[in-house]
Amino acid sequence: MTSTTLDALNPDQKRAVTSLGGAALVLAGAGSGKTRVIAHRIAHLITDRHVSPHNILAVTFTNKAAGEMRERVATLLNKPALPFLWIGTFHAVCARILRADVQALGSRYTRDFTILDAGDASGLVRHLLRDRGISDRNIQPRAVLSAISRAKTGGMDAETFAEKAYGHFAQSVAPVYRDYERRLLDSNSMDFDDLLVLALRLIEEREEVRRRYAEQFQHILVDEYQDTNRIQYNLLRHLSGRWGNLFAVGDEDQSIYHWRGADLQNILDFQRDFPQAEVIKLERNYRSARPILEAANHLVSHNTRRLGKSLWTEREGGPAVKLFAAPTDREEAAFAADTLRAMNARYTWRQMAVLYRTNAQSRSFEEACLNRNIPYQVVGGLKFYERKEVKDLLAYLRLGLNPLDRLALLRILNVPTRGIGKGTVDQMERLAVERGTSLLEAVRLAVAEELLPTRSRLALQGFLEILDGLRTRVATTQPAALTEWVLSATGYVEYLTGLSEAGPDPESRIENIRELVSAMREFENQEQGDLRLFLERQALASDQDQIKDGALDAVKLMTLHAAKGLEFPVVLLCGLEQDLMPHVLSANSEEGVEEERRLCYVGMTRAMDALFLSWARQRYVFGVPQGRLPSPFLREIPSALLEEVGGVAYEERSSSLHEAALLLERAQQARAKEPAFRPGGRVHHPKYGFGIVLSTEGQGDGLKVTVSFNRFGRKKLLANLAKLEPV
DNA sequence: CAATCCCATTTTTTT
DNA sequence: AATGGGATTG
């Protein structure tokens with residue numbers, strides 16, 4: 001790297017880039033150029049300090065960020081590519097370590113292990129709960145899964161958890177946790193947490209493995225350090241144990257993943273953990289216009305758990321932050337779309353983003369954009385790889401690689417339908433338990449030993465033939481060609497075409513399959529990777545990974561979490577309401593509110609030139625209209641920094657709609673006052689019998705009544721759907 | 001065994 | 001409002 005390259009940095013950045021070594025903490029405020037600093041430091045290490053790329057590990061928060069970082073460094077070095085540099089997310093790095101060394105763990109895992117995605121994991125938990133006959137409504141699969149995850153990342157295995165479990169919930173979770181772990185091992189499968197936990201165990205327990213990696217990684221750089229969890233922290237300690245060169249970059253004001261186990265304390269305690277650490281603050285912001293930065297600074301200054309930074313900018317002027325109070329969520333979306341269209345005079349679509357707290361909010365914005373022919377791309381939400389047809393095909397491939405993958409087998413045993421029903425599957429499961437074999441082995445046994453009626457046996461035999469064909473090709477055929485082979489061997493396309501019109505039309509499903517195959521082609525050309533790596537990449541893909549820069553000029557719609565690390569000239573931050581921002585489920589603890597405030601801060605600081613904030617006085621939640629109040633965060637921004645817009649053009653266009661909405665609201669309020677269901681009143685239900693109304697919520701068609709039934713306990717019912725009558 | 005219908009639950013954020 | 005699971009029917 002030439003000195004002119006370094007000259008492009010400001011003094012603080014330069015200090016960080018050239019920091020000698022040992023532990024260093026770079027507190028990098030939003031928009032202060034931290035990606036730049038990391039890229040330059042890697043380049044500096046390679047050119048000026050003669051460190052081999054193979055001896056550098058850089059951990060990023062998404063795979064997309066990893067790819068961009070790799071390219072950026074290569075550009076700085078004037079090299080076409082840097083294949084030996086280790087760059088990836090914690091999960092990807094751990095997966096790589098495990099693929100290479102999992103056999104040293106001494107367990108039954110092989111390097112062909114499957115990585116379970118979130119859907120697989122929750123489906124598994126649901127089944128395990130059912131198998132144990134646990135159907136308590138207070139024990140939801142989601143809650144169980146997150147309890148298991150918390151235990152795992154907190155270093156508590158199933159046995160310890162069972163010993164320490166007290167209370168109804170924990171005692172119900174304990175056996176499920178044990179089943180879950182067992183099932184994963186039997187299936188040669190790992191969930192997201194296992195990647196970290198098992199990599200850490202490997203490194204802690206196998207000295208030769210630890211030594212090898214610790215020796216290799218002379219320099220470790222970690223981005224988004226504020227969102228690391230305890231396991232990741234321990235991994236870093238071990239991996240940097242030999243050389244001690246740990247370069248951590250983060251911003252405590254942007255920590256937004258506590259609910260996922262991230263521990264803000266990691267960054268707050270950095271100087272305690274590494275007493276010799278050099279601490280460098282990057283406080284100059286290069287991204288946002290002054291009013292945006294000031295508004296964001298004021299907001300986040302209300303937090304208490306901070307190391308404290310004050311961001312400044314040399315940018316002068318810039319328009320005030322706009323605030324719009326919409327009568328309804330529909331009108332909010334209309335405002336957003338109108339604003340996008342107006343701003344499109346000066347900005348391309350891809351330069352603008354609409355941000356919101358929850359995925360469910362995307363719908364109204366999609367509709368508004370659709371109406372006005374504004375091209376948009378929803379980032380996250382229901383992911384491409386979670387579509388049924390895609391998951392089906394991936395299940396074939398997974399099974400081809402890992403015959404123990406039970407979930408994959410169960411998914412496709414009868415897809416396309418080939419006459420293998422629930423009864424047969426149950427029988428196979430029982431046989432597997434009896435003989436102590438995997439499910440697939442049981443299927444083979446049943447066919448070989450002719451344990452089934454001819455029809456079922458022939459069906460299973462047909463399935464096994466396809467699978468064996470797949471197994472013989474899996475090592476030698478590229479992913480795309482293999483997928484095409486599966487399509488023709490199974491008649492999958494014909495199956496989709498013949499499917500009754502329950503779901504989305506076959507056309508779009510077939511289109512998705514084409515997309516999958518072409519994604520594989522692209523992968524083969526660009527990465528020269530094999531099927532194993534493709535499946536891994538796919539399982540660890542983040543929401544941001546689906547953003548294809550330059551592919552299409554479209555407005556991005558995404559959650560605040562998905563927007564982390566990105567920037568846009570124009571940002572619309574929507575749904576700034578009480579109970580949504582901060583979210584109602586985080587509102588009961590000060591810590592929770594602080595994290596929501598940081599989330600809001602992250603959203604605001606994504607904006608470069610223009611920031612629009614909006615909220616709605618009425619919003620549909622659960623299909624029920626609800627009156628809403630503005631977010632308390634709005635009061636924390638000095639009003640001098642906000643410009644309220646009603647939008648004259650907007651008023652003209654929508655005043656009739658507005659009035660209609662008001663009338664509707666009044667009518668609903670009037671109806672809500674009807675005494676049909678009052679707390680304390682007696683009601684009758686055809687199924688549950690008599691009961692007493694405890695409370696009501698919602699209005700009109702969405703009126704919900706909570707009733708304590710004499711014989712069935714507490715139920716929450718939609719008044720006009722449930723045949724509930726006042727007595 | 002498969003397709004269809006009906007009901008219940010869902011929504012906080014995700015590697 | 002939508003999805004998915006369960007029961008029922010063909």
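Per chain, numbering begins at 1; letters A, B, ... match sequence-line order. Quick caveat: nothing in here was measured; it's all calculated off a predicted structure. Heavy atoms only: backbone and side chains are in, while hydrogens, waters and symmetry mates are out.
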A:Arg357 with A:Glu596: basic N within carboxylate O range, under 4.0 Å: yes
Sugar-phosphate only, base, or nothing, as touched by A:Leu195 at under 4.0 Å among non-hydrogen atoms: nothing
Closest to the A:Ser586 side chain, choosing from B:dT15, B:dT12, B:dT14: B:dT12
Candidate nucleotides B:dT14, C:dG4, B:dT12, ranked by approach to the side chain of A:Trp259 - the nearest: B:dT14
Closest to side chain of A:His583, choosing from B:dT12, B:dT15, B:dT14: B:dT12
A:Asp191 and A:Lys152, any side-chain heavy atoms less than 4.5 Å apart: yes
Given DNA chain B, 5'-ward residue of the pair A:Leu196 and A:Gly419, judged by closest heavy atom: A:Gly419
Salt bridge flag under 4.0 Å for residues A:Arg305 and A:Glu594: no
Nearest-Å distance for atom pair NZ/P, residues A:Lys564 and B:dT13: 16 Å
Sugar-phosphate only, base, or nothing, as touched by A:Thr424 at under 4.0 Å among non-hydrogen atoms: sugar-phosphate
Minimum-distance nucleotide to A:Leu585 side chain [options: B:dA3, B:dT13, B:dT11]: B:dT11
N/O (side chain, A:Arg126) to phosphate O (OP1/OP2, C:dG5) under 4.0 Å: yes
Side-chain N or O of A:Asn359 closer than 4.0 Å to phosphate OP1/OP2 of B:dT13: yes
Nearest-Å distance for atom pair CG/C1', residues A:Leu129 and B:dT9: 16 Å
Sub-6.0 Å ring centroid separation between A:His583 and A:Trp259: no
Sugar-phosphate, base or nothing in reach of A:Asn414, heavy atoms under 4.0 Å: sugar-phosphate
Proximity to the side chain of A:Thr358 - top-ranked nucleotide from C:dA2, B:dC1, B:dT12: B:dT12
A:Thr559 side chain near B:dT14 phosphate (N/O to OP1/OP2, under 4.0 Å): yes
Among B:dT15, B:dT14, C:dG4, the one nearest A:His561 by side-chain distance: B:dT14
Mutual orientation of the aromatic rings belonging to A:Tyr257 and A:Phe61 [parallel < 30°, tilted 30-60°, perpendicular > 60°]: tilted
